[in-house]
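What follows is a short report on a single structure.
Residue numbers begin at 1 in each chain, while the letters A, B, ... track the order of the sequences.
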Number of protein chains: 2
Amino acid sequence: MNRFMEQFMKSGYKLTRPRRLLLERLEDLDRPFTAEELYEMMNREGIGRATVFRTLKLLLDIGILVRVHLEEGCQHYQLAAGLPGEDHHHDRIICRFCGKITDLDECPMRNDVAAIAKRSGYRLQGHHLDLYGICSRCDADNQKSH
Amino acid sequence: MNRFMEQFMKSGYKLTRPRRLLLERLEDLDRPFTAEELYEMMNREGIGRATVFRTLKLLLDIGILVRVHLEEGCQHYQLAAGLPGEDHHHDRIICRFCGKITDLDECPMRNDVAAIAKRSGYRLQGHHLDLYGICSRCDADNQKSH
DNA sequence: ACAAAAATGATACTTTGTATCAATTGGAGG
DNA sequence: CCTCCAATTGATACAAAGTATCATTTTTGT
Ligand SMILES: [Mn+2]
Ligand SMILES: [Mn+2]
Ligand SMILES: [Zn+2]
Ligand SMILES: [Zn+2]
C-alpha cells in the first residue's frame, strides 16, 4: 500500500489486482515511459492491453501521472511532481542524453512576461517551460568514455 | 512558384506535381494541422497517403515545417517561423480557444536561467517556452456571444 | 527526345489505441 | 464471513496512424 495506492483509493475507484500491480511498478519508473513500454511490463503479469490504456487514462485524470512531450516522440508519461491539485506549474529541465527530467523549484520567467504577451494581443493564462541540457551524471560519463 | 517552392528547390529535391500542390496548400494554412488533415486535402487531388507522409518528413527536414506539440494532441505541424537555419528559438504564445500560434519576438527568460539550471546540476543547452492564453479575436468573440 | 534516377501511388502491413461484451471481482452492507 | 451488483477485466475485433514494398510514372540533365 504505497503512496500512489492511497491517493488512488481516495479517488473512489476500486483498487483491483491489475491496478495494484501497475501502481507498484510506478514506484520504480523514474523516467518518462510510453504506454507500450508499460503494457509490455504489465502483460508479463497477465494484464490486458485495454486495461493498461484505461488505467493510464485514469491515473492522468486523478493526477498521479502527467503526460510529457519530449522534443522527439510525444505520448510519454511520468509521475506527477509535487502534490496533485496544486498549482499546475511544471517548468522543468530535461537531459538530452538520458531523458532524466528534473522539475525546477523556481520559475525563471521575467516579471514582464505578461507585458510581452499582451503586446502580442493575447490575454495570458499560463505557461510551460522546458530547459534542455546534459545532466551531471551524463556529463561525467561522457568525459570518462572519451 | 511561391517562397516555399524556392526554398524547396534549393534543397536539391525534385519539385514534382504532388509536392507543388502541397506547397501551394501550405500558403493558406495559418494554423497547426495534422498529417491526416493534410492528407485529406491532398487526397482530393489524387495524392497518395504515403506521398503526403513522406513529403511532411521532407519539409521538416528542410525546415519549411516544424512540429508543434499542443497541450492536448501532439503531432501537429505548422510553417516554420522566421528563416531556416537561424537560431532555433521558438518561444510562442498559443490561443487555448482557436489554437492560433504567434511566435514571440522577445525571449521572456530572466538572465539567471543559467544559474537556476546549474543549481539543478545540468549543463544548459537551450529551452522551449509556450505561453498560453486567449487571442484578441477569440476574446472579443466570447464577449459578444455572452 | 532519351535515359537514369527519383518519386509516386496502390497495396499490404505494423503499430498504437479503442469499442464491445461475456466473465470476473472488489467491497459495501447484512 | 457471505451475498450481491456495479465496476472492472481481458479476449477479440476493430479503427486510426504511419511505414515498407514495388511496379509504374515523372523529372531533369544531356
Ligand atoms: Mn514558470
Ligand atoms: Mn526563449
Ligand atoms: Zn542525463
Ligand atoms: Zn484564438
Side-chain angles (χ1 to χ4, degrees), chain A residues 1-2 4-26 32-62 64-70 72-78, chain B residues 1 4-26 32-62 64-78:
Chain A
M1 182 64 74
N2 65 29
F4 303 129
M5 295 185 199
E6 279 167 31
Q7 189 177 343
F8 188 90
M9 297 277 274
K10 273 188 236 156
S11 73
Y13 294 104
K14 286 190 182 176
L15 186 52
T16 63
R17 201 186 88 95
R19 287 171 179 173
R20 201 151 358 91
L21 288 172
L22 201 151
L23 289 170
E24 274 166 22
R25 290 296 153 282
L26 284 191
F33 55 92
T34 63
E36 200 56 29
E37 282 163 8
L38 186 61
Y39 167 62
E40 272 160 32
M41 293 175 73
M42 301 318 297
N43 189 240
R44 276 182 237 126
E45 321 204 35
I47 314 297
R49 183 170 202 73
T51 299
V52 170
F53 279 87
R54 279 186 297 231
T55 307
L56 269 179
K57 215 174 279 178
L58 259 189
L59 296 183
L60 282 183
D61 198 51
I62 295 173
I64 291 180
L65 292 181
V66 293
R67 234 195 276 271
V68 184
H69 287 185
L70 300 179
E72 285 305 315
C74 15
Q75 299 297 62
H76 284 69
Y77 301 84
Q78 73 170 345
Chain B
M1 182 63 75
F4 302 131
M5 294 183 200
E6 280 167 30
Q7 190 176 345
F8 188 90
M9 298 277 275
K10 272 185 237 155
S11 73
Y13 293 104
K14 287 187 181 177
L15 185 51
T16 62
R17 200 186 89 94
R19 288 171 179 175
R20 201 152 354 93
L21 288 173
L22 201 152
L23 288 170
E24 274 167 21
R25 291 295 152 282
L26 283 191
F33 55 91
T34 63
E36 200 57 29
E37 282 163 9
L38 185 62
Y39 167 62
E40 272 159 32
M41 293 174 72
M42 301 320 296
N43 190 239
R44 274 182 239 126
E45 322 203 37
I47 314 296
R49 183 171 202 72
T51 300
V52 171
F53 278 88
R54 277 187 296 232
T55 307
L56 269 179
K57 214 173 282 178
L58 260 189
L59 296 182
L60 282 184
D61 198 49
I62 295 174
I64 291 179
L65 292 181
V66 293
R67 234 193 275 272
V68 184
H69 287 186
L70 300 179
E71 273 180 316
E72 284 306 313
C74 14
Q75 299 298 64
H76 285 69
Y77 300 84
Q78 74 170 346

Is the shortest side-chain N/O distance from [X] to OP1 or OP2 of [N] below 4.0 Å?
{"X": "T16(A)", "N": "dT9(D)", "answer": "yes"}
{"X": "R19(B)", "N": "dA7(C)", "answer": "yes"}
{"X": "K57(A)", "N": "dT18(C)", "answer": "yes"}
{"X": "T51(A)", "N": "dG10(D)", "answer": "yes"}

Measure the distance from [atom1] on [X] to [atom2] on [N] and round it to the nearest whole Å.
{"X": "L56(A)", "N": "dT9(D)", "atom1": "CG", "atom2": "P", "value": "12 Å"}
{"X": "F53(B)", "N": "dT16(C)", "atom1": "CZ", "atom2": "C1'", "value": "13 Å"}
{"X": "L15(B)", "N": "dA6(C)", "atom1": "CG", "atom2": "C1'", "value": "13 Å"}
{"X": "L21(A)", "N": "dT9(D)", "atom1": "CG", "atom2": "P", "value": "11 Å"}
{"X": "L22(B)", "N": "dA7(C)", "atom1": "CG", "atom2": "P", "value": "15 Å"}
{"X": "Y39(B)", "N": "dG18(D)", "atom1": "OH", "atom2": "P", "value": "13 Å"}
{"X": "I47(B)", "N": "dG18(D)", "atom1": "CD1", "atom2": "C1'", "value": "18 Å"}
{"X": "L60(A)", "N": "dG17(C)", "atom1": "CG", "atom2": "P", "value": "12 Å"}

* Asked: Less than 3.5 Å between a donor and an acceptor, one on the side chain of R49(B) and one on the base of dG18(D), is that the case here?
  ->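 When only heavy-atom distances are counted, R49(B) does reach the base of dG18(D) through a donor-acceptor pair under 3.5 Å.
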
Between [options], which nucleotide gets closest to the side-chain atoms of [X]?
{"X": "A50(A)", "options": "dG9(C), dA19(C), dA17(D)", "result": "dA19(C)"}
{"X": "R54(B)", "options": "dG27(C), dT8(D), dT21(D)", "result": "dT21(D)"}
{"X": "E36(A)", "options": "dT9(D), dT16(C), dG18(D)", "result": "dT16(C)"}
{"X": "Y13(B)", "options": "dG18(D), dT8(D), dA7(C)", "result": "dA7(C)"}

* Taking every non-hydrogen atom, the tightest pair across T51(B) and P18(B) -> CG2-CB, 4.1 Å

* Along DNA chain C (nearest heavy atom to each residue), the more 5'-positioned of K14(B) and V52(B) -> K14(B)

* Within the side chain of R19(B), is there an N or O that forms a donor-acceptor pair under 3.5 Å with the backbone of K14(B)? -> yes

* **Upstream residue (5' side of DNA chain D) when E45(A) and R20(B) are each assigned their closest nucleotide** => E45(A)

* Nearest-0.5 Å distance, CG of residue L59(B) to CG of residue L38(B) -> 9.0 Å

* Report the distance from atom CD1 of I64(A) to atom CZ of F8(A), rounding to the nearest 0.5 Å. => 7.0 Å

* Evaluate the side-chain proximity of L65(B) to L26(B): yes if any heavy-atom separation is below 4.5 Å, no if none is. =>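 Yes, their side chains come closer than 4.5 Å.
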
